[in-house]
Structure formats: structure tokens, C-alpha cells
Visitor: 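One structure is given below, represented as C-alpha cells, and several questions about it will come after.
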Amino acid sequence: MEFLELSEKIVKVFDKIFSKKFKGDGIIWMVFFLLCIISIVEVYSASSVLTYKSGNYWSPMIKHAGLLLVGVFCMVVVMNVKCKYFKIVTPFMLGFSLFTLVWVLLAGHSTNGAQRWISLVGIQFQPSEIAKGAMILAVAQILSAMQTERGADKRAFKYILIVCSVIVPLIMLENLSTAVLLCAVIVMMMFIGRVPLGQIGKLLGVVMLAGAFLIATIMIVGNEEEAKDPKLAMTEAAEAEVEKPGALDKLFHRADTWKSRINNFLNSKEVAPNEFDLDKDAQVAHANIAIASSNIVGKGPGNSVERDFLSQAFSDFIYAIIIEEMGIIGAIVVCLLYIILLFRTATIANRCVNTFPALLIMGLALLLVTQAMFNMLVAVGLVPVTGQPLPLISKGGTSTIINCIYMGAILSVSYSARKKDELEPANTNGKTRLAVSKA
């Protein structure tokens with residue numbers, strides 16, 4: 001009890017300090033700043049490969065810090081947008097997401113074994129990153145518009161499935177892990193939005209059957225012997241010599257990679273260190289070495305050894321580098337920051353008068369935190385390799401800016417919720433105001 005009281009006092013102190021200096025919730029700002037500081041330090045440390053390629057030791061960090069500044073600018077802009085305007089952009093974002101997802105399948109740039117990138121007016125981005133936000137907006141709007149005293153109307157479930165059936169399969173063809181992550185968040189949003197449990201239960205049953213069918217199809221269609229390491233990109237000359245895939249090949253062109261990852265994860269046979277194939281399982285091996293060599297206390301910032309051998313050390317496996325350098329305490333601190341973000345967002349959502357802003361920020365927070373947990377579990381070897389970056393910490397382009405925009409939306413709602421708490425008494429005519437009501 002004393003620990004909880006002390007924690008609550010510390011939270012209130014930080015909230016007051018940051019709230020006086022910045023618009024919106026002080027704790028959210030604190031978490032954001034700490035994640036950015038960790039990001040700059042660890043990306044600087046983990047980018048030795050990029051440093052070697054560029055010939056400039058400071059170049060990767062300066063570029064990443066510049067992207068964070070752009071992200072902060074976008075976050076501040078979004079933070080000053082009133083929540084009601086988020087509803088207006090929802091159909092436009094869904095249309096744009098659909099257009100760009102089809103575009104990337106037909107004429108996207110191939111990176112790390114998948115066509116995930118397109119260029120628009122000179123800006124290269126991943127349509128799936130924008131589609132995730134569009135889906136959260138759409139689901140939040142459907143659930144808020146169809147709330148009743150007994151929960152969400154049964155028709156809300158149907159409308160959500162219709163939207164998902166259009167967007168999610170397009171994401172899944174190029175990025176299966178992103179599609180799974182998004183679906184998990186949408187199910188959690190439906191539970192929070194009080195969709196009938198019977199409908200959610202039936203959906204989970206169908207999803208389990210579909211997942212089993214998908215895995216069986218991957219194991220049949222995929223050829224592990226021909227699977228390439230998804231992190232070893234082909235040269236432009238080699239890509240030019242490869243024939244254009246047909247429609248069926250385009251549908252299953254990632255099956256080899258998926259099958260390889262599933263088999264590697266399910267293979268529980270102990271392999272002697274001298275027999276381990278570092279060429280085939282380099283990422284997993286060097287991530288394990290990084291964690292094991294941390295000796296609990298860590299080697300200290302900038303002293304990582306495995307960053308020189310671990311592919312995507314600055315992105316997908318940056319958590320392994322954090323453990324190697326900062327030890328178990330650093331790993332726990334990073335994990336706690338995401339947990340604080342989720343619980344603080346839940347507190348803000350509970351103060352909202354309308355359901356749309358509450359569901360929106362809960363969906364965005366769940367998206368960030370669930371992706372972070374995916375990344376951490378991959379780094380420590382508890383789930384198969386997925387290629388999900390660590391939000392607000394990993395080096396990235398589109399994902400860094402989009403995640404900052406998500407934080408801006410959360411801060412926008414937190415500011416309006418705080419103002420309502422200050423202007424409206426919590427108790428009116430002896431009746432307690434409901435924290436969340438029908439929009």
C-alpha cells in the first residue's frame with residue numbers, strides 16, 4: 001500500500017511539472033520524452049553498420065534525431081486539432097489507405113523481401129502504417145455511433161467486419177505480423193466498446209480456424225530450402241533479372257519466409273554452440289548472445305558488441321541491444337514506460353464525456369503498446385521473428401512520424417478531458433457524472 005501511495009504521489013508531481021510547461025497530460029509527455037531520449041542514445045549506439053556504410057559516425061543519429069523533430073512537429077499540430085475533426089478525416093484516410101495498399105501491391109518498392117514501400121511526391125512511406133491509424137479511427141467511430149445503454153448495437157460488429165474485410169487482407173499480403181497486430185487491437189477495442197461477448201467469441205473461434213488454415217497453407221505452399229533471409233535484400237541487378245511473379249505467386253510470395261520463421265520457432269531441439277548455423281539464424285543467435293552477455297547489469301551505453309553482427313540492430317532488434325547495454329534494469333524501465341502509457345491513457349479515457357475520443361485514444365495506445373510487446377517478445381525469443389519495430393525507439397521513417405501523430409491525438413484528447421474536468425463539477429445535483437456516455 002505504501003508503494004502504491006508513493007507511486008501515486010510521484011505521478012502527481014510529474015503531471016503538475018509537465019502540465020505547466022506543455023499542453024495536454026504531463027505523464028504522457030514524460031513518457032514520450034523518455035522514449036525519445038532512449039531512442040536517440042540506442043540508435044546512435046546500434047547504428048555501427050550504417051556508420052560504416054555512410055563513412056560518418058554522426059550521420060545515422062542526426063538523421064534519426066531530425067525525423068524525431070519532424071515527428072514532434074506533427075505531434076504538436078495534431079495535438080492542437082479538436083477531437084471532433086478526427087471524425088471528418090476518417091473516410092478520407094480509409095480511401096487513401098485502400099488506394100495506397102493496392103498501389104504498393106501492384107508497383108511497390110521491394111525492401112527486405114517484401115513490397116511495402118511507395119513514393120508519393122518524393123516521400124517514401126509504408127501504406128500499412130497509415131492504414132492502421134485509419135482502421136482505429138473507423139472502429140472507434142462505428143462503436144461510438146452505435147452505443148446504447150446496454151452496450152454496442154449488434155450491427156456495429158457487422159460494420160466493423162466489413163471495413164476489416166477490405167483493408168486487413170491487403171495489409172496481410174505484404175506484412176502478416178502487422179495485420180495480426182491490428183486485428184488483435186480491433187478485438188480489444190470491441191471488448192472495450194461493449195460489443196456483445198457472444199459475437200466476439202464467435203469471431204475468435206472463426207479466427208482460430210482461419211489461422212490454422214493459413215498456417216497449414218503456408219507449410220504446404222512454402223519451401224523452406226528456398227526461403228531467403230528477409231533482411232538480406234537483393235541487389236538491383238539481381239532483382240532486374242527475376243521474372244515478374246504471376247497472380248498466384250504474388251499471393252504466396254512470402255510463404256517461404258513465413259514457413260522458415262515458423263519452423264525455426266517450433267524447433268525446440270537443443271543445438272550445440274559449435275553446430276549452430278549463424279548464416280541461417282543469425283538474427284536470433286546474435287540477439288541471444290547480446291542478452292546473455294549483458295551479465296544482468298549491462299555493459300553500459302555505447303559498449304554493445306553484437307550491434308556489429310546483428311542485422312537490424314537499430315530497428316527490429318534494438319531491444320536486445322538495450323538489454324546488452326543497460327541490463328535487466330534498462331529492459332524493465334523501457335517495458336514500464338509503455339505500461340504507464342497504456343494505464344495513463346485508460347485514465348484519460350475514463351474522464352472523457354463522449355465515447356469516440358475515449359475509444360480512439362485507447363485504440364491508439366493499445367496499438368503502440370501491443371506492437372512494443374511484440375517487438376520485445378521477438379527480441380527475447382518468445383515469439384517468431386515478425387519484423388515489427390519498437391515504437392518511438394527504433395530507427396525508422398514513416399513509423400516514427402506516424403507514431404508521433406498517434407501521441408499527438410492522445411494528447412489532444414487528454415487536454416480536452418482535463419479542461420472538462422476543470423470546468424465541470426464531478427458531482428451535479430447529487431448525481432455523479434458518468435465518465436463515458438453515448439457520443
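This is a predicted model, so every value here is computed, not measured.
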Visitor: Starting at NZ of K132, measure out to CD1 of I402 and round the result to the nearest 0.5 Å.
Guide: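 Result: 9.0 Å between the selected atoms.
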Visitor: Find the distance between CG (L203) and CZ (F157) and round it off to the nearest 0.5 Å.
Guide: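 That separation rounds to 4.5 Å.
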Visitor: Does K82 reach the side chain of S412, with side-chain heavy atoms less than 4.5 Å apart?
Guide: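 No, too far: nothing below the 4.5 Å cut-off.
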Visitor: Determine, step by step, whether Y338 and V31 satisfy the side chain to side chain contact (heavy atoms under 4.5 Å, CB included) criterion, reporting the C-alpha distance in whole Å, the side-chain angles of both residues, the deciding distance to 0.1 Å, and the verdict.
Guide: CA-CA 8 Å; Y338 288 108; V31 170; over 6 Å; no
Visitor: If you round to the nearest 0.5 Å, how far is CG of L143 from OG1 of T355?
Guide: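 Between atom OG1 of T355 and atom CG of L143 there are 8.5 Å.
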Visitor: Donor-acceptor check, side chain of D25 to backbone of I27, threshold 3.5 angstrom: yes or no?
Guide: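 Checked: pair present.
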Visitor: Going by heavy atoms in the side chains, are M362 and T345 under 4.5 Å from each other?
Guide: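 Yes, at least one pair of side-chain atoms sits under 4.5 Å.
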Visitor: For residues 66-80, dump all side-chain donor-acceptor pairs below 3.5 Å to protein atoms at least two apart in sequence or in another chain.
Guide:
| unit_1 | atom_1 | unit_2 | atom_2 | d |
| --- | --- | --- | --- | --- |
| N80 | OD1 | K23 | NZ | 2.8 |
| N80 | ND2 | V76 | O | 2.6 |

Visitor: Apply side-chain hydrogen bond (donor to acceptor under 3.5 Å, both in side chains) to S177 and Q388, showing your working.
Guide: CA-CA 7 Å; S177 60; Q388 291 293 327; 2.9 Å; yes
Visitor: Donor-acceptor check, side chain of S97 to backbone of M93, threshold 3.5 angstrom: yes or no?
Guide: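 Such a contact is found between S97 side chain and M93 backbone.
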Visitor: Under the side chain to side chain contact (heavy atoms under 4.5 Å, CB included) test against I393, which residue among I37, V334, V43 passes?
Guide: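 Checked I37, V334, V43 against I393; only one passes side chain to side chain contact (heavy atoms under 4.5 Å, CB included): V334.
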Visitor: When the ring planes of F99 and W103 are compared, do they come out parallel, tilted or perpendicular, using 30° and 60° as the limits?
Guide: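 Rings of F99 and W103: tilted, 30 to 60°.
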Visitor: What distance separates W29 CH2 from R344 CZ, expressed to the nearest 0.5 Å?
Guide: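 Interatomic distance, W29 CH2 to R344 CZ, rounded to 0.5 Å: 15.0 Å.
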Visitor: Establish, from distance only, whether the side-chain atoms of E324 and S304 form a donor-acceptor pair under 3.5 Å.
Guide: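 Distance-only check passes for E324 and S304.
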Visitor: Donor-acceptor pair, S394 side chain versus P389 backbone, under 3.5 Å?
Guide: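 It does not hold such a pair.
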Visitor: So which heavy atom on A331 is nearest to which on Y319, and how close?
Guide: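 What the structure gives for the nearest pair is O-OH, 2.9 Å.
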Visitor: Give the minimum heavy-atom separation between R351 and S414, together with the two atoms involved.
Guide: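 Scanning both residues completely, I find the closest heavy atoms to be NH2-O, 4.0 Å.
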Visitor: Run the side chain to side chain contact (heavy atoms under 4.5 Å, CB included) test on V207 and C183 for me, step by step, so that the C-alpha distance in whole Å, both residues' side-chain angles and the decisive distance to 0.1 Å come before the verdict.
Guide: CA-CA 10 Å; V207 168; C183 289; over 6 Å; no
Visitor: Between L94 and V166, is any pair of side-chain heavy atoms under 4.5 Å apart?
Guide: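 Not touching, per the 4.5 Å side-chain cut-off.
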Visitor: Check whether any side-chain heavy atom of I171 lies under 4.5 Å from a side-chain heavy atom of L182, and answer yes or no.
Guide: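 A side-chain contact under 4.5 Å exists here.
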Visitor: So which heavy atom on A349 is nearest to which on I361, and how close?
Guide: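 It is N-CD1, 3.8 Å.
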Visitor: With no hydrogens and no angle check, do the side chains of E306 and S293 hold a donor and an acceptor under 3.5 Å apart?
Guide: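 No donor-acceptor contact under 3.5 Å links the two side chains.
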Visitor: Determine which pairs satisfy side-chain hydrogen bond (donor to acceptor under 3.5 Å, both in side chains) with at least one residue from residues 60-78, sequence neighbours left out, and list them in order.
Guide: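 Residue pairs passing side-chain hydrogen bond (donor to acceptor under 3.5 Å, both in side chains), neighbours aside: S39-H64.
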Visitor: Measure the shortest side-chain to side-chain distance between I136 and V185 over non-hydrogen atoms and say whether it is less than 4.5 angstrom.
Guide: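 They are in contact (side-chain heavy atoms under 4.5 Å apart), so the answer is yes.
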Visitor: Take S128 and L170 through the test side chain to side chain contact (heavy atoms under 4.5 Å, CB included) and record every step on the way to the result.
Guide: CA-CA 9 Å; S128 60; L170 295 174; over 6 Å; no
Visitor: May I have the step-by-step check of side chain to side chain contact (heavy atoms under 4.5 Å, CB included) for V139 and V163, ending in yes or no?
Guide: CA-CA 8 Å; V139 173; V163 177; over 6 Å; no
Visitor: I'd like to know if the side chain of Q141 pairs up with that of T90 as donor and acceptor (distance under 3.5 Å, no hydrogens or angles considered).
Guide: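 Present: a donor and an acceptor within the cut-off.
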Visitor: Once you round to the nearest 0.5 Å, how far does CZ of R307 lie from CD of E325?
Guide: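 With rounding to 0.5 Å, CZ (R307) is 6.0 Å from CD (E325).
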Visitor: Under 4.5 Å between any side-chain heavy atoms of T370 and F374, yes or no?
Guide: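 Yes, side chains in contact.
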Visitor: Do any pairs count as a side-chain hydrogen bond (donor to acceptor under 3.5 Å, both in side chains) and have a residue in residues 357-367, sequence neighbours left out, and if so which ones?
Guide: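 Non-adjacent pairs meeting side-chain hydrogen bond (donor to acceptor under 3.5 Å, both in side chains): zero.
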Visitor: Return yes if some donor-acceptor pair links the side-chain N/O of S45 with the main-chain N/O of E42 below 3.5 Å, else return no.
Guide: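 No, because the side chain of S45 does not come within donor-acceptor range (under 3.5 Å) of the backbone of E42.
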Visitor: Looking at L337, I332, I339, which hits side chain to side chain contact (heavy atoms under 4.5 Å, CB included) with C335?
Guide: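 For C335, the side chain to side chain contact (heavy atoms under 4.5 Å, CB included) check succeeds only for I339.
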Visitor: With rounding to the nearest 0.5 Å, note down the distance linking CD1 in I329 to CD1 in I296.
Guide: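 Taking CD1 in I329 and CD1 in I296, the distance rounds to 10.0 Å.
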Visitor: Are side-chain heavy atoms of P391 and Y406 found at a separation under 4.5 Å?
Guide: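 No - every pair of side-chain heavy atoms lies 4.5 Å or more apart.
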Visitor: Grab the two heavy atoms, one from A365 and one from I410, that are nearest each other, plus how far apart they are.
Guide: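 So the two residues come closest at N-CD1, 4.2 Å.
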